[in-house]
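Below you'll find the structure, written out as structure tokens, and then a few comments.
Please read these numbers as outputs of a predicted model, since none were measured by experiment.
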Amino acid sequence: MNEGYIEVMGGVIFYKSYGEGDPIVFIHGNYNDHRIWEEQLDALSANHYVISYDLRGYGQSDTPRISFSNVEDLKLLINALGLSKVTLVGSSMGGSVAIDFSLAYPELVHRLILAAPSISGRNYPVSMLWQGIKQHFQVRLHGCGKAIETFITNPFWQYYFPASKKEKAWLKTVANVRNPDNFCRFPPRLSTVSKPYAIARLEELRHPVLVIIGELDHPFNRETAQILHTGIKNSTKIVMQDCGHLPFIEEPEMFSSSVAKFLN
């Protein structure tokens, strides 16, 4: 296993890699970091070179102080590791990064696997947007620890967390969220998004795409998955039953099996 940091403009980002074969880069979503993919890395490293990393402002990567692009950070990571063509696996916000990267650098992408992805250019519902903004206010007003506990117990966000009956998955998700390095570390405005937005460019995606969505995810996220499946010609959609926003944590073996089948 290798791990380390690569320099990006205004800081460094952390990555971890191991295995051999065709490369797969895993991109986490909001409120978690590279560790969220542990089961998938273990399952797929037997036949692939797997890389996970912390987006800027998460985990062991630096806190942004200036405007930055997750797409360009990913490009620097791929260059630093000497990779020529990669498969991208993105969760939630990480799915949006994977889509934007594929539109910006199509020659570097082999396939896309998108788990409950967001997509640039699709406005969030007012209720979801307001709940997200409140997290930053909570940090300022009450401190990070209390803001995190408020987030975990907020009924609005329960689609994000596995059901309590899935104890292992619930504990893993909560442990990631409770890491203060993953929670509201920087103003979201510092993260710049590629334009024109991806929602208007789906027909440009020629790569094979697998969209995976949980049956119990928020309706907005389920609608986004269907928009992607409809708008991307070469796409497959899987609905994972009895799963919420993080199906790869709730049913890691089923998720990894679906990914391996898609890659083969």
Side-chain angles (χ1 to χ4, degrees), residues 24-44 50 52 55 58 87-99 111-119 122 124-125 127-128 131-132 148 151-179 182-183 208-230 232 235-264:
I24 308 175
V25 180
F26 291 81
I27 312 169
H28 66 81
N30 204 2
Y31 307 119
N32 47 61
D33 58 43
H34 76 278
R35 297 170 303 154
I36 211 76
W37 296 110
E38 287 170 342
E39 284 91 348
Q40 286 69 48
L41 297 176
D42 289 342
L44 295 169
V50 294
S52 61
L55 293 168
Y58 296 85
T87 289
L88 298 177
V89 182
S91 163
S92 193
M93 174 183 68
S96 183
V97 174
I99 293 167
R111 297 173 187 264
L112 281 174
I113 294 125
L114 308 171
S118 58
I119 180 170
R122 182 162 197 243
Y124 289 104
S127 59
M128 187 179 286
Q131 292 290 340
I148 289 171
F151 173 75
I152 292 170
T153 57
N154 185 342
F156 179 87
W157 294 112
Q158 291 316 295
Y159 72 88
Y160 183 91
F161 294 93
S164 57
K165 64 183 179 181
K166 299 180 179 180
E167 183 179 10
K168 182 179 178 181
W170 188 87
L171 289 172
K172 178 172 182 174
T173 304
V174 169
N176 250 256
V177 171
R178 279 186 172 141
N179 179 356
N182 295 336
F183 199 85
V209 176
L210 175 62
V211 180
I212 301 177
I213 188 73
E215 174 198 18
L216 305 179
D217 204 342
H218 192 283
F220 176 80
N221 298 327
R222 299 200 305 270
E223 291 166 7
T224 301
Q226 185 57 41
I227 288 170
L228 287 165
H229 179 46
T230 303
I232 300 171
S235 69
T236 303
K237 178 185 167 189
I238 294 175
V239 178
M240 290 185 60
Q241 302 300 309
D242 196 32
C243 288
H245 192 57
L246 304 172
F248 55 94
I249 296 178
E250 296 194 42
E251 300 292 345
E253 292 181 4
M254 184 186 302
F255 184 92
S256 296
S257 176
S258 297
V259 169
K261 183 177 179 181
F262 176 71
L263 292 177
N264 291 331

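Proximity of a side-chain donor or acceptor of E251 to a complementary backbone N or O of C243 within less than 3.5 Å is not detected. Checking side-chain atoms of T173 against main-chain N and O of A169 turns up a donor-acceptor pair under 3.5 Å. Under a 3.5 Å cut-off, the side chain of R122 and the backbone N or O of F220 do form a donor-acceptor pair. Although no hydrogens or angles enter the test, the distance criterion places no donor-acceptor pair under 3.5 Å between the side chain of Q131 and the main chain of W157. Within the 3.5 Å criterion, the main-chain N or O of R35 finds no donor-acceptor partner in the side chain of H28. Judged purely by atom type and a 3.5 angstrom limit, N182 uses its side chain to pair as donor or acceptor with the backbone of N176. For E215 (side chain) and D242 (main-chain N/O), a donor-acceptor pair under 3.5 Å exists by modelled atom type.
The CG atom of L246 lies 10.0 Å from the CZ atom of F255; values are rounded to the nearest 0.5 Å. To the nearest 0.5 angstrom, L210 atom CG is 7.0 Å from S258 atom OG. One distance of note links CG of L55 with NE2 of H34; it measures 12.0 Å at 0.5 Å rounding. The line from NZ of K237 to CD of Q226 is 4.0 Å long, rounded to the nearest 0.5 Å. One finds the OH atom of Y31 at 9.5 Å from the CE atom of M93 (value rounded to the nearest 0.5 Å). The CD1 atom of I249 lies 11.5 Å from the CG atom of L171; values are rounded to the nearest 0.5 Å.
Between A98 and L114 the shortest heavy-atom distance is CB-CD2, 4.1 Å. The two residues G244 and E250 come nearest to each other via the heavy atoms N-OE2, 2.7 Å. For the residue pair S118 and Y124, the shortest heavy atom distance occurs at CB-OH, 3.4 Å. Nearest heavy-atom pair across P117 and L228 is CG-CD1, 3.3 Å. Smallest separation of non-hydrogen atoms from S256 and L44: O-CD2, 4.2 Å. Between V211 and A225, the closest heavy-atom pair is CG1-CB, 3.7 Å.
At a threshold of 4.5 Å between non-hydrogen side-chain atoms, the residues D33 and N179 count as touching. Residues V177 and F161 have side chains in contact (heavy-atom distance under 4.5 Å, counting atoms from C-beta outward). Contact of the I36 side chain with the F248 side chain is registered, since non-hydrogen atoms from C-beta on lie closer than 4.5 Å. Inter-residue side-chain proximity for I238 and F262 is flagged as unmet; no heavy-atom pair is nearer than 4.5 Å. Looking only at side-chain heavy atoms (C-beta outward), V89 and Q40 stay at 4.5 Å or farther from each other. Side-chain contact check for R222 versus P219: some heavy-atom pair is nearer than 4.5 Å. Residues L263 and I24 meet the side-chain proximity criterion, which asks for heavy atoms closer than 4.5 Å.
For CD of E167, the number of neighbouring non-hydrogen atoms (other residues, nucleotides, ligands) closer than 6.0 Å is 12 at most. Around atom CE of M128, more than 12 heavy atoms belonging to other residues, nucleotides or ligands sit under 6.0 Å away.
The aromatic rings of W37 and F26 lie tilted to each other, with the angle between the two planes from 30° to 60°.
For the residue pair Y58/N30, the side-chain donor-acceptor check at 3.5 Å is satisfied.
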Legend entry - Full working for side-chain contact (heavy atoms from CB on, under 4.5 Å) between F156 and H218: CA-CA 10 Å; F156 179 87; H218 192 283; 4.2 Å; yes
Inset, instruction - Please assess N221 against Y159 for the test side-chain contact (heavy atoms from CB on, under 4.5 Å), listing each intermediate value before the final yes or no. - result: CA-CA 10 Å; N221 298 327; Y159 72 88; 3.5 Å; yes
